[in-house]
Structure formats: structure tokens, C-alpha cells
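Keep in mind that what you see is a predicted model, and the values were worked out from it rather than measured.
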Amino acid sequence: MMSIEIEAWVRMAAFLGAGFSMGFGAIGAAIGEGFAAAKANNAISQNPTYSGDIVKMMLVGQAIAETAAIFALVIGVLLLFATGGNASIITAAGLFGAGLSMGLGAIGSGVGSGFPAGEACDGLARQPALSRTLTTTMLIGSAVSQTPAIFSMVIAFMLMFINFSGGSPHMVAALLGSGLCMGFGAIGSGIGSGFPAGQACAGLVRQPAMGSRLTTNMLIGAAVSQTPAIFAMVVSFMLMFISFAGTPVHPTSAALLGAGLATGLAAIGSGVGSGLAAGSGVEGWARQPMTTGNVLVIMLVGQAVSQTPSIFGLLISFILIFKGYPSTEVFLVSTALLSAGLCTGLGGIGSGVGNGQVAQTAVSWVARNVEQETLLMRTMLVGQAVSQSTAIYAMVISLALIFLV
């Protein structure tokens, strides 16, 4: 009788995972496709002669944006038919975590891929002769924007197909935390990677001769924007594969779930913020080709500072994972540890985006007025420091929750 109940739990977890995977996974792709179609409408109104080519460009861009949703569909279908051969609550947690990882992780990549698709349609209306180059740039930018969704799919496959059922009871929280960490952690990086990709397509229209240099800057900016998603993937791996046998169940389980939330949520703001700076950097190169070195330096500095909230989240995750906890049945300690992860995770979202906004304007104006680079750099760093303070407050409260309870 107990075996039947466990198998039912596994099936329910798989069904919930399938629903979350496809439900969340449909959000970003639809937004990205809508952005591409909206820009295509604008482009056709400007140059109806090339309406056929613009529609083709739109459809290609939409197809790539939909890739993230297709990933979610694949995971959803696999979960629907998951057998749960090694039926256990741990197996159920893995299946549910897989759905969360893929569904949430597809949101940002779907949105981000829509930016280069839309800008390519707009660029085609302005410079029809650049059709081939625009298509290539769009394809590269959209593909890079899909990378966080691919990270999420890898984690989802591992949660589904690796047999964790023989592990300690802590694995339930660890697997759920792993899925949430990678799912949330991919959102900001997916969106952020789309900003420089879109600006590369727009900049190509202004400076056709700079195509390769714009692509290079796009790839640099997108690579830095994906750092928070990489942090999330690292923590996801740690939650899956570090053994917690012999540690108390209640506090440790709460700490592991909190660790996933700390890095995953904080990565949202840092991914978006880094993308804002990167997009402005690509735009600056296209507007003022002679300032490429100055723009690149301030862009990378701005992106680096925008990463700080995700680093705070990573730090809190490490502390939650590796700190020892006394055995207790009192849920006060477990609540404090889970709250610590949520506090730093949520507290980092605004700071990451705010830091990116500061960097975005600084990079843009350095391209226009390079003589003021030092002043703009100083103002950017001061502004980012103040924007960072709220994430620091959140980290202080998290540390207090971990060490004082």
C-alpha cells in the first residue's frame, strides 16, 4: 500500500513539473515573438516594398525565440510519461525540480531572443542590401540568448534521469533547490544577452563596415551577462552532488532550499543589469567607432559592478550549504535559514538592475563625449555603490538569520 502511495506522489510531481515547465516556458517565447512581430509591422510601414523579406526575417527570428518554449515542451512531454521506476519522494522532488528548472529558465531566453529578431526586421527596412549580414548577426545573437535555457535543460535532464533515490532525506530539498536555482538564475541572463544582440543588429545599419567588431562586442557583453546563470548552474551542481548524509534533516534541508533561492533570485537582477550595460556598449561602438576602447573599458567595469548582487547570493549560498547546523526539531531555525536565502536573493534583484541602468547611461555618454570619461566613470561608480547598498542590507540580514538564530 505504501509503495502505491509513493508511486502516486512521483506521478503527481511529474505532472506538476510538466505543467510548470510548459506553462512558464510559454511566457518568454511569446513575448519575444511578439516583439519581433511588432518591429516587423513598423518596418513594413516604413518600407512596404520589402514586406516579403521582412516577414521572412520575422519568421526566422520568431522560430529561434520559440526554441526555449520547445525545450520546455520536450521536458514537459518527458515528464508526462515519466515512469518513476525508482519510486521515492526524492525521485518526485527531482521530477518537480526538473519542470521548474526548464520552465523558469525558458522565460529569459525567449524574451532575449526577440530583441535581435525585432531589430533585424527594422534594420532590413532601412538597409535592404544588408539582408544577409543582418540575418547572420541575428542568428548569432539569438543563439547566444538561448544559452541560459540550454543550461536549464541540462539541469532538468540530470534531475530527471540521474538516480538520486538512494540519497539522504536532504535530497528532497536539495533537488528542489537545484531546479529553482537554475530556473530563476537563467531568467536575467537570457534577457540580458538579448540587449547587446539587438543593438548589434541596429548598429550594423548605422555602421555596415563594423559588422565583425560589433559582433565581437556583442559576444563579450553577452558572455559577461551570462555569468549569473553560470553561478546558478554551479550551485545547482553542488546541491545535486554534495553529500549531506549525517547532518540534521530539518535545518539542513531548509538551508539547501535557501541556497538555491539565494543565487537563483539574485542572478535575475545581475543578468538584466549586465545586459543593459552591454547593449549600450554595442550601441556606442556603432555611433562613435573612434571610441571603441573607451566604451569597452567602461562597459566591462559597469558590468562587473552589476554582477555584485549575484556574488552576494553566491556567498550566502556557500555559507548555507557548508555551515554545520545543530540537530533540532524546532522549525524556528529552519525558517530562519530559508528566509536568509530569500532575503539575499530577492534583495539582489533591484540592485542588479539599478546598477545596470547607471552603467547603461555612463557607457552611452562616453561614446558621445569621450573627454568626460573619467568624470562619467566616477559618477557611475558612485551611483552604483549607492544602488548596491540595498543588496548589502539584505546580505546583512541574511547573515544575521544564519548566525544569530
Novice: Side-chain donor-acceptor pair under 3.5 Å between Q307 and S274, yes or no?
Specialist: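 Yes, S274 and Q307 have a side-chain donor paired with an acceptor closer than 3.5 Å.
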
Novice: For the residue pair S113 and S142, confirm or rule out a side-chain donor-acceptor distance under 3.5 Å.
Specialist: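 Not at all, the side chains of S113 and S142 share no donor-acceptor pair under 3.5 Å.
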
Novice: Distance alone, cut at 3.5 Å: any donor-acceptor contact between the side chains of T390 and S351?
Specialist: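 There is such a pair (donor and acceptor under 3.5 Å, judged by atom type) between the side chains of T390 and S351.
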
Novice: For the side chain of S145 and the backbone of G141, is there at least one donor-acceptor N/O pair under 3.5 Å apart?
Specialist: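 It does hold such a pair.
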
Novice: Mind checking the CZ-CG spacing from F164 to L159? Nearest 0.5 Å is all I need.
Specialist: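 If we round to the nearest 0.5 Å, F164:CZ and L159:CG are 6.0 Å apart.
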
Novice: Keeping E33 on the side-chain end and A65 on the backbone end, is there a donor-acceptor pair under 3.5 Å?
Specialist: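 Flag not set: sc E33 to bb A65 has no pair under 3.5 Å.
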
Novice: Locate the shortest heavy-atom distance separating A98 from M160; write the atom from each residue and the value.
Specialist: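 Smallest interatomic distance, heavy atoms only, reads CB-CG, 3.4 Å.
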
Novice: State, without any angle test, whether N294 and E373 hold a side-chain donor-acceptor pair at a distance under 3.5 Å.
Specialist: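 Short answer, yes.
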
Novice: Testing the basics here: between C201 and P116, what is the closest heavy-atom pair and its distance to 0.1 Å?
Specialist: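 Where C201 meets P116 most closely, the heavy atoms are SG-O, 3.7 Å.
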
Novice: Is it the case that S270 and S306 place a side-chain donor and acceptor less than 3.5 Å from each other?
Specialist: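 On atom types as modelled, these side chains do not qualify, holding no pair under 3.5 Å.
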
Novice: Identify the two heavy atoms, one from I75 and one from M153, that lie closest to each other, and give their separation to 0.1 Å.
Specialist: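 Nearest heavy atoms, I75 then M153: CD1-CG, 4.3 Å.
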
Novice: Regarding R368 and S364, is there a side-chain donor-to-acceptor distance under 3.5 Å anywhere?
Specialist: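 Side chains of R368 and S364: pair found under 3.5 Å.
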
